[in-house]
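Notes follow the structure.
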2 protein chains.
Amino acid sequence: MLVSELSERAEVPLATVKYYLREGLLPAGEPTGPRRAEYDECHLRRLRVLRLLREVGEVPVASLRQIVDALDDADLPVHDAMAVIADVISAGPEPGAQDPDALEMVDDLITSMGWDRIRAESVDRIRLAGLVSMLNGPGPLGASPEVLQFYAGLADHLAKTEISLVDHSADRSRLLEDMLTGSVVYGQVFAILRQLGHEHHHAEVVQAAASGTPGA
Amino acid sequence: MLVSELSERAEVPLATVKYYLREGLLPAGEPTGPRRAEYDECHLRRLRVLRLLREVGEVPVASLRQIVDALDDADLPVHDAMAVIADVISAGPEPGAQDPDALEMVDDLITSMGWDRIRAESVDRIRLAGLVSMLNGPGPLGASPEVLQFYAGLADHLAKTEISLVDHSADRSRLLEDMLTGSVVYGQVFAILRQLGHEHHHAEVVQAAASGTPGA
DNA sequence: GTTGTAAGATAGTGGCGATATCCAAGTTGC
DNA sequence: GCAACTTGGATATCGCCACTATCTTACAAC
């Protein structure tokens, strides 16, 4: 297929497709002449993944480039590619000052969960420490080890189930793309369901309080 | 305290504090003269909340204004204020074409969870339908009712626990600010823990597959 | 008084994600 | 064979957003 068809099928403006080609997010098509090139289903899939990451995951274009580099590096084992991708997606603008206490809390949590496969350089580990440090700073919110354990237990259950559901027999690029998009989209799905749960349960306690203290 | 002290204590650049005052995110201080005004702890708390929502939650400034409007409207009951805030935070750029099938799946899910307090206009409900529609479109990922139920069950448990932990006896603005910041920060905490869980469990299945098929 | 800084208003900056325009070279319809 | 159209490719421009810098006036403290 030609660029214009690619653009139509993915419902992405032609100018944007060209932009992605320019940025190296989308590999160039197979040239069939000096001013002509052919694109296939892989390009279409890749383009859909890119748009999903941008629109649902709000991943910046610069990060997308790092992600496709990992995706397309056939020498990189699947698990290492996922690690690179996880780091890129979690990377924020904030290196921030390290808080040793918070980092220790996080490492204790990781140990108590038996998560012995987490890399020490994991961006998520550092970022979590940043959040914990923020929670334990000024303000009424606090992150006790018990509360963190509760969250981690739930997250472990969710993550374990999700990993068990992926079809590990697919070929490398499909596998990576599916894990990536699944992680992003279902992450959003869960976040929204949590919000909906808040709305429902908050309504219930408010009503209970109102009927329990009718004159207050 | 004076603006400069407010800026120092919250570790926010003075120019940014002035910007927030201009935008109406931060109420003006009590004027003690034609060119002088006094700020108190409420301003400091509010400023910290605003920065947290921006930095952790990546909430746009325009949304912050809508949020503080709800926060400061003393006539708005707490639950209604939370509903407004939830809608503002979940609002994306995408009204998008409605997919009746996806919306029906979402409504079935909501019914099966017993979530009878969700407003029909809830932005989250619509957004979830958008994601489901995307999952059931082209691509290998699919959102079956069973999978959605699994996510919703977990989300319900999490949300219920979180709601039970908030101190409902605090005064209105503290209560709202705490629920809001808690929701945003712990949402991030959970998301990161999920990622860490993925990293650990994926490493385990990869290793199991490698030792199970040593010569493949 | 002199100096420093607050408050307030106005204008400017930088990053990012596209989008628009132009051009030379092929392709297609006739 | 010829004209109209489209493609790939390069360059320029746009719009939004979150700040940030500058300037002015007036008060406060020494």
Side-chain angles (χ1 to χ4, degrees), chain A residues 1-40 43-44 47-68 88-89 91-94, chain B residues 1-40 43-44 47-68 88-89 91-94:
Chain A
M1 84 190 84
L2 264 17
V3 226
S4 45
E5 191 183 343
L6 182 64
S7 144
E8 274 170 33
R9 284 230 270 159
E11 296 178 272
V12 175
L14 179 60
T16 305
V17 176
K18 286 184 169 189
Y19 170 56
Y20 286 1
L21 285 165
R22 236 178 295 144
E23 293 293 315
L25 304 185
L26 215 46
E30 197 60 31
T32 61
R35 290 259 183 263
R36 203 133 272 238
E38 189 70 12
Y39 296 84
D40 57 23
H43 293 91
L44 182 56
L47 182 53
R48 289 205 169 113
V49 170
L50 291 169
R51 291 308 297 176
L52 186 145
L53 292 178
R54 281 252 352 102
E55 287 173 10
V56 179
E58 306 212 299
V59 180
V61 168
S63 305
L64 291 181
R65 188 171 21 238
Q66 298 179 255
I67 290 172
V68 300
V88 168
I89 286 189
E94 17 161 17
Chain B
M1 83 188 84
L2 264 16
V3 226
S4 46
E5 192 182 343
L6 183 64
S7 143
E8 275 171 31
R9 285 229 269 158
E11 295 178 273
V12 176
L14 179 60
T16 305
V17 177
K18 286 185 170 189
Y19 169 58
Y20 286 1
L21 285 165
R22 240 177 290 142
E23 293 294 314
L25 303 186
L26 215 45
E30 197 61 31
T32 60
R35 290 265 185 268
R36 204 131 272 239
E38 189 71 13
Y39 297 83
D40 57 23
H43 292 93
L44 183 55
L47 182 53
R48 288 205 170 113
V49 170
L50 291 169
R51 290 309 296 176
L52 186 144
L53 291 179
R54 280 256 347 108
E55 288 173 9
V56 180
E58 306 212 297
V59 179
V61 168
S63 304
L64 291 181
R65 184 162 338 104
Q66 299 180 256
I67 290 173
V68 300
V88 168
I89 286 189
E94 15 161 19

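Throughout, protein chains are lettered first and strands after them, A, B, ... in sequence-line order, and every chain is numbered starting at 1.
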* Asked: Between C/dA18 and A/Arg51, is there an OP1 or OP2 to side-chain N/O distance shorter than 4.0 Å?
  -> yes

* Between atom CG of B/Leu53 and atom CD1 of B/Ile89, what is the distance when rounded to the nearest 0.5 Å? -> 6.0 Å

* To do: Respond yes when some side-chain nitrogen or oxygen of A/Tyr20 is under 4.0 Å from OP1 or OP2 of C/dA18, and no when none is.
  => yes

* Which whole-number value in Å describes the distance from B/Leu21 CG to C/dA6 P? -> 13 Å

* **Rounded distance in Å - CG (B/Leu14) to P (D/dC19)** => 14 Å

* Exam field: side chain B/Arg65 to backbone B/Glu23, donor-acceptor pair closer than 3.5 Å -> yes

* **Any donor-acceptor pair under 3.5 Å from B/His43 side chain to B/Pro27 backbone** => yes

* Structure fact -> Comparing B/Pro13 with A/Arg22, nearest DNA chain D nucleotide closer to 5' gives the residue A/Arg22

* Report which part of the nucleic acid B/Ala37 touches: base, sugar-phosphate, or nothing (heavy-atom distance under 4.0 Å, all strands). => sugar-phosphate

* Structure fact -> Between the CZ atom in B/Arg51 and the CG atom in B/Leu64, the distance rounded to the nearest 0.5 Å is 9.5 Å

* Separation of C/dC16 P from A/Glu55 CD (nearest whole Å) -> 19 Å

* Asked: Can a side chain N or O of B/Thr16 be found less than 4.0 Å away from OP1 or OP2 on D/dA18?
  -> no

* To do: State whether A/Arg54 places a side-chain N or O below 4.0 Å from either non-bridging phosphate oxygen (OP1 or OP2) of C/dA18.
  => yes

* Measure the distance from CG on B/Leu2 to C1' on C/dG8 and round it to the nearest whole Å. => 14 Å

* Asked: Within the pair B/Ser4 and C/dT5, is there a side-chain N or O less than 4.0 Å away from OP1 or OP2?
  -> no

* On DNA chain C, nearest-nucleotide positions of A/Arg36 versus A/Tyr19: which is more 5'? -> A/Tyr19

* **Value rounded to 0.5 Å, distance of CG in B/Leu6 from NZ in B/Lys18** => 12.5 Å

* Structure fact -> Whole-Å distance, A/Glu5 CD to D/dT7 P, equals 10 Å

* To do: Figure out the CD/C1' separation between B/Glu8 and C/dA6, and round it to whole Å.
  => 13 Å

* To do: Quickly work out the A/Lys18 NZ to C/dC23 P distance and round it to whole Å.
  => 14 Å

* To do: Grab the OH-P distance between A/Tyr39 and D/dT7 for me, whole Å please.
  => 11 Å

